[in-house]
Number of protein chains: 2
Amino acid sequence: MSRKEQIEETATALFKAKGYSATSMRDLANELGIEAASIYSHIKSKEEILQKVCFRMAREFFEATDAVDSPQASATERLTKAIAAHVKVMTQNTEASAVFLYEWRHLSEPYHSSFLSLRDKYEAHFRGIIRSGVESGEFKVPDVKFATMTVFSGLNWIHTWYKPEGKMTPSEIAENLTYMMLNGMKNN
Amino acid sequence: MSRKEQIEETATALFKAKGYSATSMRDLANELGIEAASIYSHIKSKEEILQKVCFRMAREFFEATDAVDSPQASATERLTKAIAAHVKVMTQNTEASAVFLYEWRHLSEPYHSSFLSLRDKYEAHFRGIIRSGVESGEFKVPDVKFATMTVFSGLNWIHTWYKPEGKMTPSEIAENLTYMMLNGMKNN
DNA sequence: TAATATACCTAACGAATGTTAGCAAATTTC
DNA sequence: GAAATTTGCTAACATTCGTTAGGTATATTA
């Protein structure tokens with residue numbers, strides 16, 4: 001791993017733990033065991049790190065869900081696979097995922113806008129699956145947009161409690177979340 | 001509304017919009033139309049505002065859910081009412097809710113710890129309802145803790161998209177979320 | 001009307017912020 | 001072994017930060 005990658009990784013951990021704004025370059029330097037000014041031999045600015053992380057994660061989420069999508073499959077199957085792909089990316093990148101979810105708002109223009117439109121596009125993918133499920137009669141939801149956001153909320157909360165050493169594996173998490181979203185908690 | 005309350009309200013809006021750390025006292029002063037130093041005629045410190053908001057919201061959530069709880073009712077009914085109460089508090093205080101959910105981590109000790117234990121206690125209330133539902137056979141969930149967090153994730157995502165002028169009223173939101181959490185998306 | 005409290009001001013403090021300049025040692029490449 | 005690249009340093013910059021001191025005008029209360 002190059003020094004630059006090391007810096008980005010350490011910064012990502014700090015951004016998750018303290019937030020982007022509350023993380024100073026001197027905090028980051030301290031964590032790396034060097035002086036703050038030395039970091040600038042490797043990166044252009046603090047925000048550059050944030051940009052890299054946000055857009056790399058966007059790409060990872062896109063690639064992962066695209067790879068498992070098959071438009072001719074049932075909506076249930078498509079959603080199940082999309083959820084599993086999302087959970088996999090998230091659990092393999094817990095810190096970067098947290099940055100992707102909460103720190104993007106500190107991006108300056110034009111990164112802020114282009115990040116948001118990427119995120120919208122990603123959400124639209126899920127929305128499309130759910131809508132097609134409703135149209136085919138597989139799903140019954142109060143509102144497609146609302147249902148999509150509820151699914152996302154479940155997905156995006158995972159990073160707050162997931163620990164690799166915990167009792168649920170990523171695929172069990174995906175399985176359980178899919179079960180809850182499809183069947184709910186009612187016993188029948 | 002006293003000047004102090006006005007300051008807290010304006011600060012809350014900024015904390016939601018930009019985050020606690022990225023909001024300067026000069027930002028806040030500017031929004032109020034006064035000088036930064038003038039704020040200190042009314043408050044002791046920047047963090048005092050954060051403390052007030054976090055603990056006030058904790059109290060509001062507790063009181064709202066306690067008020068509608070009836071231990072002898074069915075788990076379904078108890079959960080339905082708890083969700084409705086939570087959504088009501090949240091939609092009536094969107095900005096303070098966002099601070100409650102994301103900015104509490106900037107509290108210093110001992111506030112940080114005591115906030116977290118309050119939050120845990122609140123979550124335990126929901127967890128208790130779900131557990132009793134599982135024991136009575138009303139609910140069937142993969143894991144009680146997991147189910148609780150999934151419910152919370154749906155609840156706590158609302159503030160990111162809720163707009164008072166939107167098409168869903170708070171009680172419709174509660175109704176729809178309860179439906180999804182109890183029945184899932186599957187049409188059967 | 002005198003006393004008190006409220007609300008805000010200017011000026012400034014010490015500390016922390018992101019970043020640049022200029023340089024030196026070590027490591028890698030040719 | 002020379003050249004180039006990588007990695008780091010010290011010193012310092014301009015700016016912004018939360019906050020304090022000391023003061024004035026306005027509004028409220030006695």
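Every heavy atom of this structure was used, including side-chain atoms; hydrogens, water molecules and symmetry mates were not. By convention in this document, chain letters (A, B, ...) are assigned in the order of the sequence lines, proteins followed by strands, and residues within each chain are numbered from 1.
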| Same cluster for Val68(B) and Val89(B) if Ile/Leu/Val/Met/Phe/Trp/Tyr side chains link at under 4.5 Å? | no
| Residue pairs passing the ring pair (Phe, Tyr, Trp, His ring centres under 6.0 Å) test where at least one lies in residues 165-188 of chain A, sequence neighbours excluded | none
| message | Quick one, Ile49(B) and Tyr20(B) - any side-chain contact, counting heavy atoms below 4.5 Å? | response | no
| Over 12 non-hydrogen atoms of neighbours within 6.0 angstrom of CD in Glu9(B) | no
| query | Going by heavy atoms closer than 4.0 Å, what residues in residues 43-56 of chain B are next to DNA chain C? | reply | none
| query | Heavy-atom contacts under 4.0 Å between residues 104-113 of chain B and DNA chain C, which residues? | reply | none
| task | Would you check if the distance from the ring center of Phe115(A) to the ring center of Phe100(A) is below 6.0 Å? | result | yes
| Those residues of residues 1-28 of chain B lying under 4.0 Å from DNA chain D by at least one heavy atom | Thr23(B), Ser24(B), Met25(B), Arg26(B)
| task | Using only heavy-atom distances, determine whether the side chains of Thr76(A) and Glu138(A) contain a donor-acceptor pair under 3.5 Å. | result | yes
| task | Assign the ring pair Phe61(A) / His86(A) to parallel, tilted or perpendicular, where the plane angle (0 to 90°) is split at 30° and 60°. | result | parallel
| Outermost nucleotides of DNA chain D that come under 4.0 Å of a non-hydrogen atom of chain B | dC17(D) to dT20(D)
| Short N-O contact, Lys81(A) and Asp69(A), less than 4.0 angstrom | no
| field | Heavy atoms of other groups near Phe55(A) CZ, more than 12 under 6.0 Å | value | yes
| Between Leu79(B) and Phe139(B), does a side chain to side chain contact (heavy atoms under 4.5 Å, CB included) hold up when you go through it step by step? | CA-CA 11 Å; Leu79(B) 185 65; Phe139(B) 297 159; 4.2 Å; yes
| task | Test side chain to side chain contact (heavy atoms under 4.5 Å, CB included) on Phe15(B) and Glu95(B) and set out the steps. | result | CA-CA 8 Å; Phe15(B) 291 171; Glu95(B) 279 148 357; over 6 Å; no
| said: Looking at Tyr111(A), I'd like to know if its OH atom is crowded, meaning that more than 12 non-hydrogen atoms belonging to other residues, nucleotides or ligands lie closer than 6.0 Å. | reply: no
| DNA chain C: 5'-most and 3'-most nucleotides touching chain A, 4.0 angstrom heavy-atom criterion | dT17(C) to dT20(C)
| said: Applying the side-chain contact (heavy atoms from CB on, under 4.5 Å) criterion to Thr91(A), which one of Pro170(A), Pro164(A), Ser97(A), Ser171(A) satisfies it? | reply: Pro170(A)
| query | Is the distance between the ring centroids of Tyr102(B) and His159(B) under 6.0 Å? | reply | yes
| Would you say Lys140(B) has more than 12 foreign heavy atoms packed within less than 6.0 Å of its NZ? | no
